[in-house]
Structure formats: C-alpha cells, structure tokens
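Written below as structure tokens is the structure these notes are about.
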There are 4 protein chains.
Amino acid sequence: MIENGLYPENSKLPSESELSHMRGISRMTLRQALLLLQEDRYIVMRLGSGSYVSKVPSEKRAGLEKKTNPVYTSSQYGSNGLDPRKERQR
Amino acid sequence: MIENGLYPENSKLPSESELSHMRGISRMTLRQALLLLQEDRYIVMRLGSGSYVSKVPSEKRAGLEKKTNPVYTSSQYGSNGLDPRKERQR
Amino acid sequence: MIENGLYPENSKLPSESELSHMRGISRMTLRQALLLLQEDRYIVMRLGSGSYVSKVPSEKRAGLEKKTNPVYTSSQYGSNGLDPRKERQR
Amino acid sequence: MIENGLYPENSKLPSESELSHMRGISRMTLRQALLLLQEDRYIVMRLGSGSYVSKVPSEKRAGLEKKTNPVYTSSQYGSNGLDPRKERQR
DNA sequence: GTGGTCTAGACCACT
DNA sequence: GTGGTCTAGACCACC
C-alpha cells in the first residue's frame, strides 16, 4: 500500500485497529508486519501517536537494494487498500 | 534529578508543564511520576502553587531504606535535567 | 451498578471501552473509577482478560463499613446502566 | 467577536489560555466572561474539549430581545479579535 | 499560572 | 480483544 502511493512519505497510517480490520487480520499479525516495516526503516511507530511513513520504497529499483523483510504476494490490492477477502463468511 | 542535587530540600520544582517539556513526555505521564514521588514522600504537590521537595533520597544509603516505587534507569541525565531524546521525530 | 445487582459476585464487567461508552465518559476517566474500586477490593482487573466483581458492597449496611473511596451521587442510574446524559452535544 | 462573525455557529473558540492572552486579560476574568456567555446560551463549554458557539446574536435586532448579561463597550475590536491594548509595557 | 481532571485516540503488553 | 500506558490538548478549581 505504501509502494502504491496510498500512503505518501511523512503521512500517518490508519490506526493498528483500523488496518487490521481493513485487511481482515488480527492486530497481533498486523503489528508483526508493522514491526518488520519499522525494522526496514519504512515507517516509524510513535507511541501514543500513530505510525508514520518515513521512506517510500521504489518499486522501479527493486533488486538494487536488499530488503531484509521482503513481501511475497500472489496479488496486489486495489488503491483503496481494502482486502477483498474481508467480505467472507463468519 | 533530586538525587543529583539539582533540586534541594524545600525547593520548588519547575511546573508540570515545564518538566514535561524538559523530558519530552506528556504532562499526564509526568504527573504519574510526580504522584509516585509524592506517595513515597519525596515531594509535596500543592494545588495552585507547585511541587516542592520534601525529602532528598540518599543514593549512598540505597538498600537501607525501601522505596515503594523504585526507579529503573539504564543511564543518568546531565545536571541540567534535559532529556537528550527530546529531539524526537515528527 | 454493582450495588444494584447488575453485576453479581465473580461476574465479568463489560470491557473498559464498552463501559466508558455506556456512561458517556472517556476511557481514562472510567479507568480511574475502576482503579478506585479495585483499591477498595470491590473488583479485580486482570490484564488482557477483563475486570471481575470480587465483592458486592451491601447498601443496607452502609455506615458499618468504611469505604476508602466513597461515591457521591445525586441520583441513581437505571438497571441498564446507561447514562441518560449520553446524548450530549457535539 | 462572535457578533462580528469571527466565530460562526458551531465553531470552536480558541482555548481559554489563548483567548486570555489575545485580550491581555487573566484567565479568571476571561472565564467569568465565558460563563456569562454560556448563561445566555451563546456558547457551550464542554469539559476537556473546548468552548463552542451555539447561537450567534443578531446585532440588527438589538433591543428586541433582552440580554441578561449585556456588553458595554466604548469601542469595537478589529476582525482579527486582537486586543490593541496588548502591546502595553510590562 | 499552578495543580487537578477530563477528552479522544493512539500504541503496548498480555491472555 | 483485553487491560496498561502514552500523547496532545482542553477546561476546572485553586492560590
């Protein structure tokens, strides 16, 4: 979603609670993802404030720089950042 | 800071607002710390007036007296009491 | 609400988030109330689990036992525990 | 300032601290004024949130309705709401 | 202008 | 998804 330009540099991400609901995953799983992003310096998590984009990875230069925690996806989500799987049965 | 002699007995501490800015934390968090210090009788908070040092803990005699709310620090701040982390990101 | 029998002994209270919405107050304020109740041993707050009633104060015997943190109310709420003031202005 | 359209209906007034500095008066004096305005239903003071304009008095109809707490001024302030007396010696 | 309290909302640590 | 803590900023009661 950051690569897709949905969240520009220095912008504030939705809250952990919102993001986890958007993707249909638990907060624990979402936090693990955020912590990996922070480890790679893509975001900064500020206690009591929110998570902020600190660097937008360049899709074009993929391969020139090594990502410590690469993302393996079989598909990309739309620009609204919503997980289509969310409309699943409960 | 009291142990370091920065604020002697019966002296007036900076206001809660000042102290919170000095340490780079919110006033609510600073107040929780002051309330713990007051619980241990190190300071007295006077409504509408300020906070005052009522007892200076002796570092040397550490262990002879029991602190209800001990402080766990990995480092000590300078004599100006300023938090070097204050230059935090935005 | 505990005195009114809404939450019997050993029962689980609604979450802090729910209770704060029910009463139309912020979660921080609700927590201060819960902490006072816990101090007086009426409830137990279990991290990651919830708050539980540990003792039901007897209204009838009021005066025979001393409450450290008494409640001063000008009125009582209904059995649903909802605050009529909740429809506040914005 | 409300009559001059500086603060429209449902808008949020500056904080008590800001307003008192703007007019060069103490917060106590400013609060007395706000409380009078609230008594006349011109504003609503929401604890922990701020003061909000609830009704804009009509200058044109002055006299048709009775103000409980009328304002007696010898002059009007500019649209910026700043008190010219503020630039006084200290 | 101080300490005291409240709002609204976030991340953190835990079950 | 809970309680625990923190942020940022407001009004309240008081000196």
Side-chain angles (χ1 to χ4, degrees), chain A residues 12-21 25-32 34-35 38 43-52, chain B residues 12-21 23-38 43-52 88-90, chain C residues 12-21 23-38 43-52 88-90, chain D residues 12-21 25-32 34-35 38 43-52:
Chain A
K12 186 173 171 305
L13 296 183
S15 71
E16 295 184 353
S17 184
E18 276 185 84
L19 279 173
S20 63
H21 281 96
I25 59 178
S26 76
R27 279 195 47 213
M28 283 302 292
T29 304
L30 181 99
R31 266 182 68 74
Q32 289 178 18
L34 289 184
L35 289 169
Q38 176 165 259
I43 65 170
V44 175
M45 300 165 80
R46 289 181 55 202
L47 196 158
S49 171
S51 292
Y52 299 84
Chain B
K12 185 174 174 302
L13 296 183
S15 72
E16 295 184 352
S17 184
E18 277 184 83
L19 278 174
S20 63
H21 280 97
R23 305 306 287 250
I25 60 178
S26 76
R27 205 189 129 202
M28 285 302 294
T29 304
L30 190 272
R31 266 182 67 76
Q32 290 181 16
L34 289 185
L35 288 169
L36 291 178
L37 284 175
Q38 176 165 258
I43 65 170
V44 175
M45 300 164 81
R46 298 197 193 128
L47 198 160
S49 169
S51 294
Y52 300 84
R88 72 188 191 281
Q89 195 155 356
R90 279 189 184 276
Chain C
K12 186 175 173 302
L13 295 182
S15 72
E16 295 183 352
S17 184
E18 278 185 83
L19 278 173
S20 63
H21 281 96
R23 307 305 288 250
I25 59 177
S26 75
R27 206 189 129 202
M28 284 303 293
T29 304
L30 190 273
R31 267 182 67 75
Q32 290 181 15
L34 289 185
L35 289 169
L36 291 178
L37 283 176
Q38 176 165 258
I43 65 170
V44 175
M45 300 164 81
R46 296 195 195 130
L47 197 159
S49 171
S51 294
Y52 300 83
R88 72 188 190 278
Q89 195 156 355
R90 275 190 185 277
Chain D
K12 188 174 173 300
L13 296 183
S15 71
E16 295 184 353
S17 184
E18 276 185 84
L19 279 173
S20 63
H21 281 96
I25 60 179
S26 76
R27 279 195 48 214
M28 283 302 292
T29 303
L30 181 98
R31 267 183 67 76
Q32 290 179 17
L34 289 184
L35 289 169
Q38 176 165 259
I43 65 171
V44 174
M45 299 165 80
R46 288 183 54 204
L47 195 158
S49 171
S51 293
Y52 298 83

Search all heavy atoms of L19(C) against all heavy atoms of P14(C) and return the closest pair with its distance. CD1-O, 3.6 Å
Considering residues at least two apart in sequence or located in another chain, which fulfil the side chain to side chain contact (heavy atoms under 4.5 Å, CB included) criterion with R31(D)? E16(D), R27(D), L35(D), M45(D)
Between S51(A) and L34(A), what is the shortest heavy-atom contact and its length? OG-CD1, 4.2 Å
Please give, in whole Å, the distance from dG4(E) C1' to L30(B) CG? 14 Å
Counting primed atoms plus P, OP1 and OP2 as sugar-phosphate and everything else as base, spell out the protein contacts along nucleotides 9-15 of chain F at 4.0 Å heavy-atom distance: B, S or - for each nucleotide, 5' to 3'. BBSBBBB
Using the test side-chain hydrogen bond (donor to acceptor under 3.5 Å, both in side chains), find all partners of T29(B) that sit at least two apart in sequence or belong to another chain. S26(B)
Separation of I43(D) CD1 from Y52(D) OH (nearest 0.5 Å): 11.5 Å
side-chain hydrogen bond (donor to acceptor under 3.5 Å, both in side chains) partners for S17(B), two or more places apart: none
How long is the line joining CG of L19(B) and P of dG4(E), in whole Å? 13 Å
Going from CZ on R46(C) to CD on Q38(C), what distance comes out if it is rounded to the nearest 0.5 angstrom? 10.5 Å
Would one find a side-chain N or O of Q32(B) under 4.0 angstrom from OP1 or OP2 of dT5(F)? no
Which residues pass the side-chain hydrogen bond (donor to acceptor under 3.5 Å, both in side chains) test with S15(A), not counting sequence neighbours? none
Pair assignment for DNA chain E - dot-bracket with | for other-strand partners, Watson-Crick or G-U under 3.5 Å: ||||||||||||||.
Return the value, rounded to whole Å, for the distance between atom CZ of R23(C) and atom C1' of dC6(E). 16 Å
Separation of dC6(E) P from L36(C) CG (nearest whole Å): 10 Å
